[in-house]
Amino acid sequence: MTAQGPGHGPRVPAARADGERPGVPGLDTTAVLPYAGSRASRRTRWLRAWMMTAPVDVVALLVPLALTHQYWRGTLVMAGLTVVFFAAGGLYRARRHVSFLDELPSLFGRLLACGAIVAIVAALRHESAEYVLGFVRGVGLAAGLVLVGRAATREFAIVARKRRWVEHNAIVIGSGPTAVELARLLRRYPQYGLRFVGCVDARTRPAPSAHPLIGTLDQLDKLVAMVECEVLLIADPECPEPVLMEILRRPGNAECDLWAVPALWGSRSSGDHIGAIPIVKVGDVTLSGPRWALKRASDIAFASVALLALSPVLLLCAVATFLDGGRGIFFHQERIGRHGKPFHIVKFRSMRPVDEHESQTNWSIAHDRRVGPIGRFMRRTSLDELPQLWNILRGDMSVVGPRPERPHFVEKFSAEYPTYSMRHRAPVGLTGLAQVSGLRGDTPISDRARFDNYYIENWSLWLDAKVLLRTVAEVFRGGGR
């Protein structure tokens, strides 16, 4: 590093109290130095905005139940619908500039919409005007408490940031005036919740800069790990986007939250801001936080129901496999899962490999004569994959995701295709977007990686549902290997 926090590197003469250094003659920018993190912030890095606001919202919405149980159904529906509307409107996302007044119009509008929907349903179910009026009073009380709770949680968040109880390490990508100004603002105003740990040159080759740099763009993944970075701020619009996105998609960088300064400042950006600099949150390119919790919960529910519903089919497949080849109906094979972690996949055996080396290095057995008629039918209908429901319950896999590959081929494809290793940002799946798009068997690996990365970057429960529906169609058409 060229410069580090207090007590961790060379001293810089004439440093000012706010952490800035007098400008270099001939330059109109000011060097900004990183600073040491607080002890409290190291223990609170796992905290996210929704962990405080969501529980307070739910409690406020359920307060009417403490006064009367007469409207308990409507109160529960109102609470669930409001949380969904808030989440859809981005009211549980982290913001750099925290302000209750900024959120007030959106909060009020969504509370009004949810209250109107539930009140209309209550009026249709109960003809008594007194009943509906009593319910509306409860809705009004809950809405008022939500606003009060939001104001309190936002004020607490600002205080926690200013006292540096909660802050996240941030790297600024860029070396121009905008990057310097962002670094200065983060250094001087801790209420943005970000600890400035250094700037990275947006070019792969270092260039003269008015302030110390900790490295270049091609070193970003190593720097992220070294300084325990959690947030990346892109502040150089001249950086080539293809190069930047390729580097940001690397597994180590993809774990960071990503913010960018818009190229057109005069376009009235509707995002967030740090000082007077507008910033926009770039969509998550990995599954973490509440998104991962939601996907994991849906995986457990699906796998549990599927195992129960398909237990007769599993039994028939086990018997057929035994009749076809005797004992050893299950086939265990090492595969690579999320973040490169190995695990053993479980399948119904369709043939017996000569040895472990053949099992790990033989790319396809689609035309292997050792595959009997039963094994061929099970592979064509994907019935041999059903035991992987157990892998899903264990947490090794997801229902939908990039298909897991063997270590030998992961190493081979990662060396040949730069974007292949990026698919390990998400859990591997029983089925995937690439597979239902016709990319099975001997198909281009680059196309598979492209589809897998598209799935990760555009994940939603509805996308999972679409992949599952298309998988069912493929099974009935016998489109397996």
Side-chain angles (χ1 to χ4, degrees), residues 44 46-64 75 77-119 136 138-168 170 182 185-186 189-194 230-231 233 257-262 265 267-284 288-291 293-294:
T44 58
W46 57 275
L47 288 175
R48 295 295 180 266
W50 64 270
M51 296 179 182
M52 181 170 59
T53 53
V56 172
D57 287 346
V58 171
V59 170
L61 290 164
L62 296 180
V63 163
T75 302
V77 172
M78 172 71 181
L81 191 62
T82 302
V83 170
V84 171
F85 272 40
F86 281 7
L91 291 171
Y92 292 124
R93 295 175 187 167
R95 292 185 62 84
R96 303 277 56 91
H97 179 75
V98 176
S99 172
F100 168 69
L101 294 178
D102 287 348
E103 292 181 330
L104 186 57
S106 183
L107 286 168
F108 186 79
R110 282 171 168 75
L111 285 168
L112 186 62
C114 294
I117 293 171
V118 179
V136 170
V139 169
L141 172 64
L145 291 175
V146 167
L147 296 179
V148 172
R150 276 285 172 146
T153 54
R154 288 319 189 197
E155 186 61 29
F156 179 79
I158 293 173
V159 171
R161 287 180 174 183
K162 285 183 175 180
R163 298 189 177 184
R164 296 178 62 195
W165 294 339
V166 179
E167 62 181 358
H168 302 282
L182 268 178
L185 290 169
L186 295 181
Y189 303 108
Q191 62 262 35
Y192 294 113
L194 299 180
E230 299 160 282
V231 178
L233 286 164
D257 289 342
L258 186 61
W259 298 78
V261 177
W265 279 41
S267 58
R268 294 188 64 186
S269 171
S270 59
D272 209 335
H273 62 92
I274 294 177
I277 300 178
I279 57 172
V280 177
K281 180 76 162 62
V282 180
D284 293 333
S288 59
R291 300 173 80 241
L294 184 62

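The backbone N or O of Phe85 sits less than 3.5 Å from a side-chain atom of Arg110, completing a donor-acceptor pair. The main-chain N or O of Cys114 is never found under 3.5 Å from a side-chain atom of Thr82 such that the two would form a donor-acceptor pair.
Taking the side chain as every heavy atom from C-beta outward, Leu91 and Thr53 never approach each other to under 4.5 Å.
Listed here is the closest heavy atom pair of Val98 and Ile158: O-CD1, 3.6 Å. Smallest separation of non-hydrogen atoms from Ala142 and Pro64: CB-CG, 4.0 Å. Here the closest heavy-atom approach between residue Thr153 and residue Met52 is recorded as O-CE, 3.4 Å. Ile279 and Trp259 make their closest contact through CD1-CE3, 3.5 Å (heavy atoms, listed as atom of the first residue, atom of the second, distance). Of all non-hydrogen atoms in Pro262 and Pro278, the two that sit nearest each other are CD-O, 3.1 Å. Closest heavy-atom contact between Tyr192 and Leu185: CD1-O, 4.4 Å.
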Practice problem: Applying side-chain contact (heavy atoms from CB on, under 4.5 Å), run through Leu111 and Phe86 and close with a yes or a no. | Solution: CA-CA 9 Å; Leu111 285 168; Phe86 281 7; 3.9 Å; yes
Quiz prompt | CA sep, side-chain torsions, deciding dist, call: Tyr189, Ile274, side-chain contact (heavy atoms from CB on, under 4.5 Å) | solution = CA-CA 9 Å; Tyr189 303 108; Ile274 294 177; over 6 Å; no
Quiz item: Given Val139 and Val118, is the side-chain contact (heavy atoms from CB on, under 4.5 Å) satisfied, shown in steps?
Solution: CA-CA 9 Å; Val139 169; Val118 179; 5.6 Å; no
Quiz prompt | Working for side-chain contact (heavy atoms from CB on, under 4.5 Å), residues Asp257 and His168 | solution = CA-CA 10 Å; Asp257 289 342; His168 302 282; over 6 Å; no
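Atom-to-atom distance recorded for Leu145:CG and Arg150:CZ is 14.0 Å, nearest 0.5 angstrom. Rounding to the nearest 0.5 Å gives a distance of 8.0 Å between CG of Leu62 and OG1 of Thr75. Note that CD1 of Ile277 and CZ of Arg96 are 14.5 Å apart. Values are rounded to the nearest 0.5 Å. To the nearest 0.5 Å, the span separating CZ on Arg161 from CG on Leu194 amounts to 7.0 Å.
Ionic pairing of Arg95 and Glu103 is not present here: no N-O contact between side-chain nitrogen and carboxylate oxygen is shorter than 4.0 angstrom.
Sequence neighbours left out, the pairs with a member in residues 83-94 that pass side-chain hydrogen bond (donor to acceptor under 3.5 Å, both in side chains) are Asp57-Tyr92.
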